[in-house]
Amino acid sequence: MSVDPIVLEIVEGTLASIEREVETAIGRTARSPMIRDAHDFRAGIHDRRLRKLTGRSYSALVHPVARDYPPETMHPGDVFFHNDVYLSEGGIGHLPDLCVTVPVFHDGTVVAFVQAFGHHDDIGGGCPGSMPSGATSVYEEGLMVPPIRLWDAGVPNEAALKIMTRNSRMPDSLSADLDAECAACLMGARRLAELFERYGRATVEACFDAIVDKTTETYRREILAKIPDGTYVWEDYAEHDGVDPPRLHTQRITLTKVPDRLIIDFTGTSPQAKGPINHCGDYADGNFLKKWLAPILRNLADTPERMAELDVNEGVVPLIEMRFPPPGTLLTPVFPAPTNARTFVILRLLGVLAGVLAKAVDGRMPADQETIRYTGVYGTDAEGNPYLMREVLGGGSGGRYYADGEDTIHVVPDSRNIPVEFAESRWPFVVERLGLAVDSGGPGRHRGGLGYDKHIRMLRHANFMSIADRSMLSCWGVNGGRAGRPFSVVVDPGGPNEREIDALADAEPVRAGEVIRIRTTGGGGWGDPLTRPYDAVARDVAWGKVSAAGARADYGVVMDGGRVDVAASDALRAELAGRRSGDEPFFDRGPGYARLSGGRTCAEVDRR
């Protein structure tokens with residue numbers, strides 16, 4: 001069926017508007033800080049063929065709901081719920097991600113779905129926040145709920161809601177968040193049904209086909225065409241799993257470009273970990289992972305402006321073929337392997353794909369970034385009530401061939417740190433500093449973005465928690481750029497009880513009056529730092545992003561009273577260049593890599 005281009009634009013715009021309206025409604029009516037303030041949730045619109053239609057945001061999958069509840073058995077007003085990692089077809093990564101799905105009806109038939117999923121404060125398990133770093137099975141991580149009918153024709157299942165809230169340490173927040181998500185998705189379903197009423201099912205579904213087909217053709221023509229046919233290999237690592245001593249947990253991609261698609265082979269990925277860094281990726285032919293990784297491909301667009309215009313919807317799926325190793329690896333874990341820190345794997349895969357593409361396109365890809373880690377504190381307030389503060393602190397993105405990386409970003413769209421004013425009014429601590437971590441960005445012709453530098457002074461005894469990686473390994477630099485600074489947490493810095501905290505911690509005691517200093521990762525640099533223009537380095541020093549000592553050591557720039565001493569800098573750069581032995585590495589992983597790899601050099605990996 002041919003599609004009127006004006007109607008197509010109206011339908012496409014309406015889908016984007018509905019998705020944003022659903023997310024806005026959730027953000028305004030939810031109760032937990034992770035949903036309302038940190039915005040760690042997403043909505044998505046899918047057609048009756050389970051294809052994701054919207055491209056502003058990623059989302060979970062409808063596949064598990066349709067598998068257990070065929071559409072012909074659904075009713076108007078139904079709301080389906082699930083969070084079971086192993087029964088989610090790869091769409092849910094850990095148990096705190098709760099997913100609601102609402103069918104859309106037209107003339108008594110299911111024609112689409114509106115879905116939302118978000119990271120909730122607590123769903124039970126071995127520690128507050130439901131992310132025990134030392135878990136050895138999924139049973140320790142919280143309540144597992146396979147797909148269920150949470151609302152039946154508009155009537156909530158009170159028994160199921162009681163069971164879920166009873167298992168949570170934050171029952172009021174959980175209950176309010178679920179109400180918000182269900183109501184928002186039901187509202188979105190009504191909006192979408194109005195679209196079908198206005199234009200008719202045949203026209204709207206033809207527009208859906210056109211939206212998906214346009215994405216497929218655009219990526220094939222504008223993105224895949226820039227990748228030379230051939231095979232390329234690269235790998236990166238998680239550094240610890242919370243149970244075994246630190247070591248390299250490998251995620252490897254063999255990328256083969258053939259004329260019509262990309263073949264991503266994960267063979268060589270390490271065995272599943274004892275601890276919770278596993279990710280269930282090998283379901284539904286990797287449908288979720290394809291859409292998770294596809295945004296990396298947008299970096300090959302002709303311009304940054306064009307990159308921002310490219311959506312990631314179901315249209316990317318036919319262009320990517322995934323080949324998984326047998327069961328029992330980090331990406332193919334066997335139930336009941338724990339998964340709550342699976343961000344260590346799926347975030348790293350973004351970098352591995354960027355790295356292997358960098359090898360294919362002569363470095364015209366961004367350097368590495370690590371922009372999700374969970375930190376927080378919990379205890380009791382002055383009235384004796386338990387509290388939990390947890391946030392997703394971002395970090396610096398990698399330098400690019402055309403620009404520096406961005407500071408303190410979050411890879412999850414629209415996510416953010418918790419506002420200081422809100423935090424101090426609700427919890428017993430004071431945020432003494434929230435700024436940029438000086439010198440954290442990887443040196444390069446284009447510098448890596450900076451991470452956070454956050455100082456929290458506790459007013460009452462409490463416990464600190466952290467689920468973070470890249471505390472030993474760094475975000476790598478590319479094409480001669482240097483690695484960024486790793487993640488670190490220090491309690492009582494400069495005081496008599498100064499101590500560094502492991503990046504995986506569930507209950508580190510912190511006494512009243514002590515300061516917790518959190519410094520998040522800086523992105524890797526792009527290109528030789530000795531070629532960065534002097535005025536760019538001077539600007540970084542003036543803005544407090546690079547110290548005078550860092551300018552000298554990393555860029556060969558000598559500052560004199562806020563100005564560049566050009567003659568001294570020319571001489572220093574010549575001296576630093578002369579010290580280099582042999583070819584500079586294409587990738588720079590930083591000093592932590594050599595310690596964990598037993599002395600293996602980056603070049604041994606890069607040459608493959």
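Just so it is clear, the structure is predicted and the values come from calculations on it, not from any experiment.
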So, [X] and [Y]: side-chain donor and acceptor under 3.5 Å apart, yes or no?
X    : Y    : answer
D282 : T332 : no
R390 : H119 : yes
S466 : T375 : no
D311 : T215 : no
T269 : Q251 : no

Whether [X] and [Y] hold their rings parallel, tilted or perpendicular, with breakpoints at 30° and 60°:
X    : Y    : answer
H39  : F41  : tilted
W234 : W476 : perpendicular
Y374 : H94  : tilted

Requested in this report: Carefully, step by step, assess R252 and T267 under the rule side-chain contact (heavy atoms from CB on, under 4.5 Å).
Outcome: CA-CA 7 Å; R252 181 180 298 166; T267 300; over 6 Å; no
Requested in this report: Validate the cation-pi geometry between R364 and Y401: distance from NZ or CZ to the six-membered ring centre under 6.0 Å, angle to the ring axis within 45°.
Outcome: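 Output yes; distance and angle both within limits.
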Query - Contacts of type ring-ring contact (aromatic ring centres under 6.0 Å, His included), residue H249, not counting sequence neighbours - result: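 Result, ring-ring contact (aromatic ring centres under 6.0 Å, His included) vs H249: none returned.
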Requested in this report: Kindly write out the residues that satisfy ring-ring contact (aromatic ring centres under 6.0 Å, His included) with H46, not counting sequence neighbours, or none if the list is empty.
Outcome: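 Applying ring-ring contact (aromatic ring centres under 6.0 Å, His included) to H46 gives none.
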Where [X] and [Y] come nearest, the two heavy atoms and their spacing:
X    : Y    : value
L530 : G556 : CD2-N, 4.2 Å
V541 : S547 : CG2-O, 4.0 Å
P276 : N340 : CB-ND2, 3.1 Å
P295 : W292 : CD-O, 3.2 Å
I418 : K454 : O-NZ, 4.5 Å

Query raised in the report: Does CZ in R20 sit with more than 12 non-hydrogen atoms of other residues, nucleotides or ligands closer than 6.0 Å?
Result: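 No, CZ of R20 has 12 or fewer neighbouring heavy atoms, counting only those of other groups under 6.0 Å.
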Query raised in the report: Does the gap between the ring centers of Y555 and Y534 come in under 6.0 Å?
Result: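 Between Y555 and Y534, the centre distance exceeds or equals 6.0 Å.
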Query - side-chain contact (heavy atoms from CB on, under 4.5 Å) evaluation trace for K257 with I263 - result: CA-CA 6 Å; K257 166 60 173 23; I263 301 172; over 6 Å; no
**Report entry** salt bridge (charged side-chain N to carboxylate O under 4.0 Å, His left out) contacts in which one or both residues fall within residues 552-563, not counting sequence neighbours
**Finding:**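 Non-adjacent pairs meeting salt bridge (charged side-chain N to carboxylate O under 4.0 Å, His left out): zero.
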Applying salt bridge (charged side-chain N to carboxylate O under 4.0 Å, His left out), name anything that partners [X], two or more places apart in sequence or on another chain.
X    : result
R348 : E370, D469
R433 : D453
E239 : none

Requested in this report: Using a 4.5 Å cut-off on heavy atoms from C-beta on, say whether the side chain of F266 contacts that of I264.
Outcome: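 Yes - at least one pair of side-chain heavy atoms lies under 4.5 Å apart.
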